[in-house]
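Reviewing the structure listed below.
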Amino acid sequence: VYYVNGARNILAGNGFYRNSGEDVLKPITHFPPLFAYFLSAVGLTGMDPLRGGRLIIILLLGVNAILFAWLAWKLTRSKWLALLATGLMVFSSVTLREYSWLMSEPLYLSLMLVSFLVAYDLFSSRKTTAVLMLGMLAGLMYATRYVGTSMLFTWLAGIFLFIPGWRGKLRHAGLLLLTSLPFLVAVMRRNYVLSGSTGNRNFILHPAPFSKVADGIHRFWGWFLPPGMQASHAWLDWTLIALFFVLLLGALGILIWRLVRILRGGDCTRLERLLIMLGLHGFIYLAAIYLTMNFFDATTVFDNRILLPVYLGVLLFILVGLASLWRGGGPVLRLAIVAGSLAVMGFAIAGAWQTSIQLSRDGQGFIDRYRRESPAMQYIREHPQDLIYTNHPPDVYIQTGRSSYMVPSPVDSLTLQPRDTYARDLAEMRSKIRQQDGLLVFFYEQGYETDPWYQDLTEGLVPLENLPTPLRVFADWNPVSSVTLAARQQFGNVSTIGTA
């Protein structure tokens, strides 16, 4: 929603801003701007960024399928394995789900895949144009997702590993920074000037619980194993967590061993160099996410959206392993590889079919059918109040086109620290609602009645009309019952609306 809102404002000449309450424009600094500019480019044709975004995502799925097949072919020199790579990527349920959101990951993956294709030539030919291109791509990745800095560190490490001579290393590192830093500096400076922070995140320790890591491991195996296997065998949870760490430490050990050999003067082929860079990027990327989770943004989780670059890297390693077995194996082994590949492809297609059916039923996220048909949303559409406070401004904006303020929150979701200004913000909200006959829209889930935050916000408010909607069960991992209830309420001379 922020990308769509930002793209609409870019088209209106306002820049990368969002509409807050009463249509006050505020700079978007929590997200980088590049994807919103892609949406606005399609908007130049007259197509709204929300609809135009669908075209961009569809095109990126096709582009990424071709890029992934090309990279797989370079690594395996096998046409049928390149075709298998494309099929497994496109027909993955995880891929389909992540490409069905209007988010920046598909663009990020395009830039990442192009980067590895360019790097394949850099570490053999050491062309100046290749390193300049890598720097520009790393800068664009940062302008797409802040974690794109992981790619810049990866290429810097690759230069110091594989470019001979200190003069050559420093020259290539300088060229890399020459084309990457302008993007980083421009985005950081813009954010700092507008908000006092380079990325709307402050450095503060908030240790992530192990449950977040365990959720990420669970999702990894959900991508790797046949659908439903984990749900059918709950006893596998801790076994799979232990196995994951064994594989992770084993991969890290092999990577360190290869790096030590290279630092001692050992040589390796172009294929081995690219595989080392793939592995190195995977570890740097995961480390960057984990550091963000612990020091910059407590809302970060290891979900499939975050892990998709890692999945593609793992799949490439598997394909390289299959290529090696194919070249060194006899007829029986080759027949087993073909049979296994066809079976996996069959599982993928079946899962993709079910996922497509599920996604096509009611939509998802902020534009699903239950939000579109919500009486609360209809109430907002029909009442022209300019002032709206809500705990879900994106829902209200994308469904009704109305901008709104975020209700005061007692805890900062990024740092998990109490807000010192909570009481003052709460008083200000009530005062503005009194003076402007505004609306309070609160979306909540089961158990809201005992939530102190909800009680603070609605203290003294009396519902005057009820608008029930059918029961809705959300999500695959944590089904939650949610009943929507809209009520016009009075607080002195205050008109508000509460939704449950």
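Just so it is clear, the model here is predicted, and its values are computed rather than measured. We count residues from 1, following the sequence as given.
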Scan [range] for pairs that pass salt bridge (charged side-chain N to carboxylate O under 4.0 Å, His left out), counting only residues two or more places apart or in two chains.
| range | answer |
| --- | --- |
| residues 275-298 | Arg201-Asp297 |
| residues 311-332 | none |
| residues 66-90 | none |
| residues 105-114 | Glu105-Arg145, Glu105-Arg305 |

Can you confirm whether more than 12 heavy atoms, excluding those of Trp70, are under 6.0 Å from its CH2 atom? no
Minimum heavy-atom separation for Val396 and Ser404, please, with both atom names. CB-OG, 4.2 Å
Taking all atoms of both residues into account, what is the closest heavy-atom pair of Gly158 and Met277, and its distance? CA-CE, 3.5 Å
Listed partners of Ser110 passing side chain to side chain donor-acceptor pair (under 3.5 Å), at least two apart: Asn64
State whether the side chain of [X] and the backbone N or O of [Y] hold a donor-acceptor pair below 3.5 Å, judged by distance alone.
| X | Y | value |
| --- | --- | --- |
| Ser150 | Val147 | yes |
| Ser40 | Leu11 | no |
| Tyr285 | Ile306 | yes |
| Asp395 | Phe366 | no |
| Arg258 | Ile276 | no |
| His206 | Met293 | yes |
| Ser403 | Ser20 | yes |
| Thr144 | Leu34 | no |
| Thr86 | Ala82 | yes |
| Gln364 | Leu359 | no |

Set of side chain to side chain contact (heavy atoms under 4.5 Å, CB included) partners for [X], sequence neighbours left out:
| X | answer |
| --- | --- |
| Thr29 | Pro27, Arg190, Asn191, Ser195, Asn200 |
| Leu249 | none |
| Ser413 | Thr299 |
| Val114 | Leu67, Val118, Leu137 |

What orientation do Phe224 and Trp221 show, parallel under 30°, tilted 30 to 60°, or perpendicular over 60°? perpendicular
In terms of ring plane angle, is the pair Phe220 and Phe244 parallel, tilted or perpendicular, where the classes change at 30° and 60°? perpendicular
Any chance you could measure [X], atom [atom1], to [Y], atom [atom2], to the nearest 0.5 Å?
| X | Y | atom1 | atom2 | result |
| --- | --- | --- | --- | --- |
| Ile204 | Asn294 | CD1 | CG | 12.5 Å |
| Ile256 | Leu280 | CD1 | CG | 10.5 Å |
| Leu286 | Leu307 | CG | CG | 7.0 Å |
| Ile217 | Trp238 | CD1 | CH2 | 8.5 Å |

Is the shortest distance from a Lys or Arg side-chain nitrogen in Asp303 or Arg219 to a carboxylate oxygen in the other one below 4.0 Å? no
State, without any angle test, whether Asn5 and Tyr397 hold a side-chain donor-acceptor pair at a distance under 3.5 Å. yes
For a quick test of your reading: what N or O donor-acceptor pairs under 3.5 Å do the side chains of residues 43-52 make, sequence neighbours left out?
from  : atom 1 : to    : atom 2 : distance (Å)
Thr45 : OG1    : Val42 : O      : 2.6
Asp48 : OD1    : Arg8  : NE     : 3.0
Asp48 : OD1    : Arg8  : NH2    : 3.3
Asp48 : OD2    : Arg8  : NH2    : 2.8
Asp48 : OD2    : Leu50 : N      : 3.0

Using the test salt bridge (charged side-chain N to carboxylate O under 4.0 Å, His left out), find all partners of Arg369 that sit at least two apart in sequence or belong to another chain. Asp362, Glu373
Please confirm whether Tyr2 and Phe31 have ring centers closer than 6.0 angstrom. yes
What pairs meet the ring pair (Phe, Tyr, Trp, His ring centres under 6.0 Å) rule with one or both residues in residues 306-330, with sequence neighbours excluded? Trp80-Trp326, Trp223-Tyr311
